[in-house]
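Within every chain, numbering begins at 1; the chains are lettered A, B, ... in the order of the sequence lines, protein sequences first and strands thereafter.
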Protein chains: 2
Amino acid sequence: MAARSYGQYCGVTTAVELIGERWALLIVRDLLVGPRRYTDLKQGLPRIPTNILSSRLTQLQEAGVVRRVPMRNCGLVYELTPYGQALEPIVLALGRWGFQAMGDPDEGDVVTPDSLTMALRTSFQSGSGDRFDIELHVGDVALRVIVDAGVLTVAQLAPPAPPVGGALPPGEPEAVVVAGPGIRRLIAGAVTPAEAIAQDVVAVVRGEERILDAFARTFHIAPIPAPAILESLEPIGLP
Amino acid sequence: MAARSYGQYCGVTTAVELIGERWALLIVRDLLVGPRRYTDLKQGLPRIPTNILSSRLTQLQEAGVVRRVPMRNCGLVYELTPYGQALEPIVLALGRWGFQAMGDPDEGDVVTPDSLTMALRTSFQSGSGDRFDIELHVGDVALRVIVDAGVLTVAQLAPPAPPVGGALPPGEPEAVVVAGPGIRRLIAGAVTPAEAIAQDVVAVVRGEERILDAFARTFHIAPIPAPAILESLEPIGLP
DNA sequence: CCGGATCCGAATCGATACTG
DNA sequence: CAGTATCGATTCGGATCCGG
């Protein structure tokens, strides 16, 4: 038994030993968007020390979560193995859970292309039946967000450079939406689309403002219900 | 922004800041079984330093995940808030995921009542339609495991002392099953119930051996499929 | 620029002892 | 029972450096 092991024969313990160390799950979060180079990961996690990134990538490889793939004439990329891909529903659920505890951003907090992409996946409701194609700006991040037939597609536009995220879909977006981090309140249902515009949480700088109705229906996180079960629960193991 | 913050405005980041520190999620795992006293938690996590347990409980309270409830004439218990309860599907999914990477136990690894209880919840397939009532022993841990009408009920029998986990169901179990940690192979489908008996992974010390068929159907974790999608994936963000 | 490796002070963790 | 206090061992964070 390793010195730093939790010392239990248990699936949760094993999982936490594989991906529970600091920064590890955030690396996985970014890799869930797509394969990334060492430098991409460093940019997507601005506060990670370079030795920690290096060390985590090694550990995640040993754990069978990540794989290192040399590219023809352009360096190498890290990508998730199928086992690592299986973390997607867990990371999305964690994002939904953490979202509920998110307040306003602290001074210096950033939004990255990968974190925003995963945030959209986190809050995506495929059943809304809506259909749209917009360009979404939050801070410096610009994404093309397309919802069609219950499928969400996100392409990263900037920064820094031209189209990232595969082939840019043809045509123009129906609307260009600029939001601050307060867009969180719209997704949480704390404001209606009309209120969000009035309060400058979101602005539709090109296209019809009604697009926000579809957006709010499609990206919505319902608050965790408070079942008040625990109030009446009798403690266990007491005489 | 706190010094140790990840510096991102993101749900996943927030979640990891709340429950990502060492030992935190294992405390949550045990509390998902039921309210626990400080000493219960310490016993359920034999390798946790007492100052870390103390510190985590404080942080989890500040995060709104855990609540401290004074009990009438018998100390106090920690229990999950509704927000903490919402972690249940995430912890179960993590347990399923980690299970796939679990090999044989290391020297000194233990199985605790709470970890085994959660492991059963992790692998429970409510759709199997089976119905049974057994006493399950793994190492020192003894549980009464009842499956009926698609509902799993687990009561902790020992150790250390008499009935824990609410009122002990009346009547006798249909079977008493004694297993080693190798029961994992049965749950993973690596052995059939008959093979599990032959290989001494599991013994039915009282009752019919066929009960293991129902057990194996009811507690089964299918391996993560390897879609081999990633093999052909083109890296993103490269010219 | 890419993909790290090295070094060092700061913060956290782990083990043990001790207390109301 | 429910924790504090202390202190050495590890890990983390920040900066710098280096070969391609």
For this session: Please lay out, stage by stage, how B/L41 and B/L57 fare under the test side chain to side chain contact (heavy atoms under 4.5 Å, CB included).
Result: CA-CA 10 Å; B/L41 291 168; B/L57 285 170; 4.0 Å; yes
Exercise. Is there any salt bridge (Lys or Arg N to Asp or Glu O under 4.0 Å) pair reaching into residues 42-62 of chain B, and which pairs are they, with sequence neighbours excluded?
Worked result: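 Of all non-adjacent pairs touching residues 42-62 of chain B, none passes salt bridge (Lys or Arg N to Asp or Glu O under 4.0 Å).
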For this session: For residues 98-118 of chain A, pull every pair meeting salt bridge (Lys or Arg N to Asp or Glu O under 4.0 Å), keeping only residues two or more places apart or in separate chains.
Result: A/R36-A/D114
Problem set entry | Short side-chain N/O contact to D/dT4 OP1/OP2 from B/Y38, under 4.0 Å | no
For this session: Measure from NZ or CZ of A/R22 to the centre of the six-membered ring of B/Y6, then state whether that distance is under 6.0 Å and the direction lies within 45° of the axis.
Result: yes
Exercise. Is there a side chain to side chain contact (heavy atoms under 4.5 Å, CB included) between B/R144 and B/D133 once you walk through the steps?
Worked result: CA-CA 7 Å; B/R144 182 81 171 269; B/D133 175 351; 2.7 Å; yes
Problem set entry | Pair A/M71-A/R37, side chain to side chain contact (heavy atoms under 4.5 Å, CB included): steps then yes or no | CA-CA 10 Å; A/M71 297 303 301; A/R37 289 177 300 183; over 6 Å; no
Problem set entry | Smallest separation among heavy atoms of A/Y9 and B/G103, with atom names |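 Taking every non-hydrogen atom into account, OH-O, 2.7 Å.
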Exercise. Across the strands shown, which category fits A/I48 at heavy-atom distances under 4.0 angstrom: base, sugar-phosphate, nothing?
Worked result: nothing
For this session: Only pairs at least two apart or in different chains count here, so list each ring pair (Phe, Tyr, Trp, His ring centres under 6.0 Å) that has a residue in residues 63-88 of chain A.
Result: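 Qualifying pairs, neighbours excluded: A/Y83-B/W97.
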Problem set entry | Outermost nucleotides of DNA chain C that come under 4.0 Å of a non-hydrogen atom of chain B |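 Span of nucleotides near chain B: C/dT12 to C/dA17.
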Exercise. For DNA chain D, which residues in residues 49-65 of chain A have a heavy atom at a distance below 4.0 Å?
Worked result: A/P49, A/T50, A/N51, A/I52, A/R56
Exercise. For DNA chain D, which residues in residues 2-24 of chain B have a heavy atom at a distance below 4.0 Å?
Worked result: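 The answer is B/R4.
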For this session: Might you work through the side chain to side chain contact (heavy atoms under 4.5 Å, CB included) test for B/M118 and A/V12, ending with a clear yes or no?
Result: CA-CA 9 Å; B/M118 289 304 287; A/V12 179; 5.5 Å; no
For this session: Using atom CZ of B/R68 as one end and atom C1' of D/dA2 as the other, report the distance to the nearest whole Å.
Result: 8 Å
Exercise. Between the main-chain N or O of A/A222 and the side-chain N or O of A/Q100, is there a donor-acceptor pair closer than 3.5 Å?
Worked result: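 A pair under 3.5 Å: yes.
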